[in-house]
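Here the structure comes first, spelled out in structure tokens, and everything after it is commentary.
Residue numbers start from 1 in every chain, and the chains themselves are labelled A, B, ... in the order their sequence lines are given, proteins ahead of strands.
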Number of protein chains: 2
Amino acid sequence: MQSTAEENYIKAIYKLSGGGTNAVSTTGLSETLQTKPASVSDMLRKLSAKDLVHYVKYHGVQLTEEGQRVALKIIRKHRLWEVFLVQKLHFTWDEVHEVAEQMEHVKSELLIQRLDEFLGHPRIDPHGDPIPTEAGELRQEEQRVLASLAVEQKGVVCRVKDSQPAFLQYLNRVGIQIGTQLQVVDKIPYDNSLEISIDKSKSVILSSDVLEKIFVINP
Amino acid sequence: MQSTAEENYIKAIYKLSGGGTNAVSTTGLSETLQTKPASVSDMLRKLSAKDLVHYVKYHGVQLTEEGQRVALKIIRKHRLWEVFLVQKLHFTWDEVHEVAEQMEHVKSELLIQRLDEFLGHPRIDPHGDPIPTEAGELRQEEQRVLASLAVEQKGVVCRVKDSQPAFLQYLNRVGIQIGTQLQVVDKIPYDNSLEISIDKSKSVILSSDVLEKIFVINP
DNA sequence: AAATTTATTTAGGCAAACCTAAACTTTAAT
DNA sequence: ATTAAAGTTTAGGTTTGCCTAAATAAATTT
Ligand SMILES: [Mn+2]
Ligand SMILES: [Mn+2]
Ligand SMILES: [Mn+2]
Ligand SMILES: [Mn+2]
């Protein structure tokens, strides 16, 4: 069983290594974890002794198979709690992270199974990131940029590339969120804007600028 | 802001003192917290320095006003999470405690407000214990032991005094839960057992032993 | 009232997770 | 190829929360 600190390190290594492939540097970790490089060296020695990472002094770390398994479990918990906070407790995108950062460390297999069921086995979190399965698989859904959809085609919003408040507020106003059903109604060739129907009802015209920042998966 | 360990001590002091009135002993705390008396002495010194407890060496501790406020907040969180686990995730009585013990330490005012709302502002937890209000008030409903009801009288199960798995499983089998409607059908003077109808249907005979462990409030 | 038992505290230590400062490697620049 | 700069580790220290063993206080017996 890992401590909260260990879990945070493992998750950070996973994220910085882009899924476990690349080696991660001590300073990189110290920055994302808000600690000093010396503390990171300390922890890497410990994680290495527990066979959760491959660690070569002065040359960075990588997760072991076991380390990756652990990382995916924590990420699964984090993202499921984020879905809960947004869908059930009406948190907004920007409010969930800090809380999920704490909840991801609650230890109980049953809890996560039941939470997953309660939420209807969601496949993406409120930021559009995929939720690892109970088996620890992270299947990346094929994502297409909204701009690439043809007339009549449908998609579910899964990701937004710009996180500036002004843009997020704009999306909020037109009624677009992660999970929203979209369908292309018409194409305006003049400026490549599209008329899009939102949740099968009202439709809006989105500029090609906006269309390039929104990604969808198949419904 | 208190650490998880401090919060567990404060909650234990609150519980052992029966709501903050009586002084609590070092050994008492060490037993409920599964630590050694020496560790308790240590922590009491710290809590005293933070003005969360009144501590007189060799003569026990009590919570200060501030300590009581903190205790009630933690208890509120614990019990709300228990309600969530039972009502939304279908945990049973005996499964919730360990998980709630962890969740009660998650820090977020907004989270608890929203959780309370989501659950419909429940007044008692799955063990029948009252849930402190947001203002930190604990209004106790009048409770009677099931053994004291006269023939024909009704009550709603609000509390069970024994939390051993064997006992909880027994109640499960006969169909008694927190919230269950009971009515005394008949009294058997020979051994003070009662015939009780459960949820207006089937009836069972409960021994005086069991009757002493079940509490009801007015329907 | 003294002696004994029980409860509690103090002293000294340990592990986890952090820190600063100094030493050491690696990388980049001259 | 040296030297300088940047990155990393080691050494030594702190705080938190626990421990054991020894000392001390309180309660109980005799
Ligand atoms: Mn975290
Ligand atoms: Mn997320
Ligand atoms: Mn707890
Ligand atoms: Mn409870």
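Comparing A/His59 and A/Thr35 along DNA chain C, the residue whose closest nucleotide (by nearest heavy atom) sits nearer the 5' end is A/Thr35.
No cation-pi contact links A/Lys161 to A/Phe167, judged by a cut-off of 6.0 Å to the six-membered ring centre and 45° from its axis. Cation-pi contact between A/Lys88 and A/Phe118: present, with separation from the ring centre below 6.0 Å and deviation from the ring axis of at most 45°. Geometrically, B/Arg114 engages A/Phe91 in a cation-pi contact defined by less than 6.0 Å to the ring centre and at most 45° from the axis.
Atom-to-atom, OH of A/Tyr58 to C1' of D/dA6 comes out at 12 Å; the value is rounded to the nearest Å. One atom, CD of B/Gln34, and another, P of D/dC19, lie 10 Å apart when rounded to the nearest Å. What separates OH of B/Tyr55 from C1' of C/dT10 is a distance of 10 Å, to the nearest Å. Rounding to whole angstrom units, CG of residue B/Leu33 and P of D/dG17 are separated by 12 Å. For the pair A/Leu29 CG and D/dT9 C1', the interatomic distance rounds to 15 Å; values are reported in whole Å. Residue A/Lys57 contributes atom NZ, which lies 13 Å from atom C1' of D/dA11 at whole-angstrom precision. Taking atom CD on A/Gln2 and atom P on C/dA17, their separation rounds to 11 Å, with Å as the unit.
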Exercise. Decide yes or no on side chain to side chain donor-acceptor pair (under 3.5 Å) for A/His54 and A/Gln62, but give the supporting numbers first.
Key: CA-CA 5 Å; A/His54 294 301; A/Gln62 272 180 281; over 6 Å; no
Practice problem: Walk me through it: do B/Arg76 and B/Glu104 pass the test salt bridge (charged side-chain N to carboxylate O under 4.0 Å, His left out)? | Solution: CA-CA 8 Å; B/Arg76 174 172 161 80; B/Glu104 73 189 355; over 6 Å; no
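Within residues 36-52 of chain B, the residues approached by DNA chain C to less than 4.0 Å at the level of any non-hydrogen atom are B/Pro37, B/Ala38, B/Ser41, in residue-number order.
For the residue pair A/Asp125 and A/His78, no side-chain donor N or O sits within less than 3.5 Å of a side-chain acceptor on the partner.
Between C/dT9 and B/Thr26, a contact under 4.0 Å exists linking OP1 or OP2 to a side-chain N or O. Remark: A/Thr27 is not in phosphate contact with D/dA6, judged by side-chain N or O atoms under 4.0 Å from OP1 or OP2.
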